[in-house]
S.K.: 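Got a structure for you, questions after.
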Amino acid sequence: MSSQLHAPVVYVLSDSVGETAELVVRAASSQFNGGDVEIRRTPYVDDKKTIRETVEAAAEVGGMIAFTMVVSELRTYILKMAEERGVPVVDIMGPMLRGLADLYEREPRREPGLVRKMDDDYFRKVEAIEFAVKYDDGRDPRGILRADVILIGVSRTSKTPLSMYLAHKRLKVANVPLVPEVEPPDELFMVPAERCVGLTIDPDQLNGIRRERLKSLGLTAQANYANMDRIIQELEYSEKVMKRVGCPILDVSNKAVEETANIILDMFRKGGSQL
């Protein structure tokens, strides 16, 4: 190989994108004086004609084939064609599938593109988490128009943890605090009411939560934030806003975040939402 004038050619065949096979080829070729290799990738292979043409092309240029195919029939066909034409071939996925089949004590699903589906799911989750952070606590009301779910309520009704929990379910969530002195954003009344969820809580429980919050901040529990009259005023105001919006209202008193989140998810599913 060291006397070759041109970089060796490796044809990558895959029933998905082919990124895995290409990464393996590049990693292996890096062990040979810098890894000068030409990779010609053929993704989404689902027919024998494409395989036959690729094997012929590899034979003409003295190249080799690396493949990641999970469909047994196509894997077998690649190996057969490569042997007939004298083309070196490496089955990248096969040995791992056989090893894991022994480990799991069952056969693999043999469904192409599952890694890509997992990647897509992962990136949707990341995008939803980034969305929840960006549009937390009413920072930018424009997020309301783009959100799958909008949570509204007074301070300490679990809006932020709920947003993050739902984001892990791949939902884009914006949350808006309701304060009597601040008019709610216009965007809140521009979205369908069924995309909004109002959060309320028992005044005594909210008082306790806010007192603990003040203590954690090193502040006196007598601050207006934890004053019972102020709490009742905020809750009454928030209820008026929720009625204006026309959204369902959930009482989060004595509920864990996971419990409230599952209620919200069930609400949207039963309501025929696109979520």
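Because only heavy atoms are used, hydrogens play no part in the values below, and waters and symmetry mates are left out as well, while side chains stay in. Positions are given from 1, in the same order as the sequence printed here.
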S.K.: Side-chain donor-acceptor contacts of residues 246-253 below 3.5 Å, not counting sequence neighbours, with atom names and distances?
M.R.:
unit_1: Asp251; atom_1: OD1; unit_2: Ser253; atom_2: N; d: 2.9
unit_1: Asp251; atom_1: OD1; unit_2: Ser253; atom_2: OG; d: 2.6
unit_1: Ser253; atom_1: OG; unit_2: Asp202; atom_2: N; d: 2.7

S.K.: Look up atom CG in Leu97 and atom CG in Asp102, then write down how far apart they are to the nearest 0.5 Å.
M.R.: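 That separation rounds to 11.0 Å.
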S.K.: Under 4.0 Å between a side-chain nitrogen and a carboxylate oxygen: does that hold for Arg230 and Glu181?
M.R.: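 Result for this pair is yes, salt bridge flagged.
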S.K.: Tell me, please, which residues at least two apart from Tyr225 pass side-chain hydrogen bond (donor to acceptor under 3.5 Å, both in side chains).
M.R.: Ser155
S.K.: Between Glu53 and Lys49, is the closest basic N to carboxylate O distance under 4.0 Å?
M.R.: yes
S.K.: For Glu187, does its backbone N or O pair with a side-chain atom of Arg142 as donor and acceptor, under 3.5 Å?
M.R.: no
S.K.: Rounded at 0.5 Å granularity, tell me how far NZ in Lys255 sits from CG in Leu162.
M.R.: 11.5 Å
S.K.: Quick one: salt bridge (Lys or Arg N to Asp or Glu O under 4.0 Å) partners of Glu239, sequence neighbours excluded?
M.R.: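 So Glu239 forms a salt bridge (Lys or Arg N to Asp or Glu O under 4.0 Å) with Lys243.
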S.K.: Without swapping roles, check the side chain of Gln205 against the backbone of Asn254 for a donor-acceptor pair under 3.5 Å.
M.R.: yes
S.K.: Apply side chain to side chain contact (heavy atoms under 4.5 Å, CB included) to the pair Arg139 and Lys134, showing each step before the final yes or no.
M.R.: CA-CA 7 Å; Arg139 288 176 188 167; Lys134 183 175 182 179; over 6 Å; no
S.K.: With sequence neighbours excluded, what pairs up with Thr42 under the side chain to side chain contact (heavy atoms under 4.5 Å, CB included) test?
M.R.: Leu13, Val45, Thr50, Thr54
S.K.: Hey, could you give me the CD1/CG distance between Ile209 and Leu214, rounded to the nearest 0.5 Å?
M.R.: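 These two atoms lie 12.0 Å from each other.
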S.K.: Does Lys159 offer a backbone N or O that forms a donor-acceptor pair with the side chain of Thr157 under 3.5 Å?
M.R.: no
S.K.: Where the side chain of Asp140 meets the backbone of Tyr135, is there a donor-acceptor pair that is under 3.5 Å apart?
M.R.: no
S.K.: Please determine whether residues Met267 and Leu199 belong to a single hydrophobic cluster, defined as Ile, Leu, Val, Met, Phe, Trp and Tyr linked transitively by side-chain heavy-atom distances below 4.5 Å.
M.R.: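 Yes.
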S.K.: By side chain to side chain contact (heavy atoms under 4.5 Å, CB included), which residues pair with Met64, not counting sequence neighbours?
M.R.: Val10, Pro88, Val90
S.K.: Between Val197 and Leu166, is there shared hydrophobic-cluster membership here, with clusters defined by ILVMFWY side-chain heavy atoms closer than 4.5 Å?
M.R.: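 Per the 4.5 Å side-chain linkage, Val197 and Leu166 are co-clustered.
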S.K.: Any ion pair linking Glu234 and Arg156 (charged N to carboxylate O, less than 4.0 Å)?
M.R.: no
S.K.: Return yes if some donor-acceptor pair links the side-chain N/O of Asn262 with the main-chain N/O of Glu258 below 3.5 Å, else return no.
M.R.: yes
S.K.: Whether the side chain of Asn175 engages the backbone of Ile152 through a donor-acceptor N/O pair (distance < 3.5 Å, no angle test) should be reported.
M.R.: no
S.K.: Can a donor-acceptor pair be found, under 3.5 Å and without considering hydrogens, that links the side chain of Asp15 to the backbone of Val70?
M.R.: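 Here the side-chain-to-backbone pair exists.
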S.K.: Can a salt bridge be assigned to the pair Glu212 and Lys215 using a cut-off of 4.0 Å between side-chain N and carboxylate O?
M.R.: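 So Glu212 pairs with Lys215 through a salt bridge.
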S.K.: Holding to side chain to side chain contact (heavy atoms under 4.5 Å, CB included), I want the full list of residues that pass it with Glu38, two or more places apart in sequence or in another chain.
M.R.: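 So Glu38 forms a side chain to side chain contact (heavy atoms under 4.5 Å, CB included) with Val9, Arg40.
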S.K.: Check whether more than 12 heavy atoms from other residues, nucleotides or ligands sit under 6.0 Å from atom CD of Glu84, and answer yes or no.
M.R.: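 Counting other residues, nucleotides and ligands, CD of Glu84 exceeds 12 neighbours.
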S.K.: Do you know which of Val55, Asp47, Val71, Ile51 makes side-chain contact (heavy atoms from CB on, under 4.5 Å) with Tyr77?
M.R.: Ile51
S.K.: With rounding to the nearest 0.5 angstrom, report the CG to CE distance, Asp91 to Met96.
M.R.: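 Result: 11.5 Å between the selected atoms.
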S.K.: Hey, what do you get for CE (Met69) to CD1 (Ile92), rounding to the nearest 0.5 Å?
M.R.: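 One finds 12.5 Å between CE of Met69 and CD1 of Ile92.
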S.K.: Run the side chain to side chain contact (heavy atoms under 4.5 Å, CB included) test on Thr20 and Ser14 for me, step by step, so that the C-alpha distance in whole Å, both residues' side-chain angles and the decisive distance to 0.1 Å come before the verdict.
M.R.: CA-CA 9 Å; Thr20 301; Ser14 176; over 6 Å; no
S.K.: How far does CD1 of Ile263 sit from CD of Glu259, to the nearest 0.5 angstrom?
M.R.: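 The distance works out to 5.0 Å.
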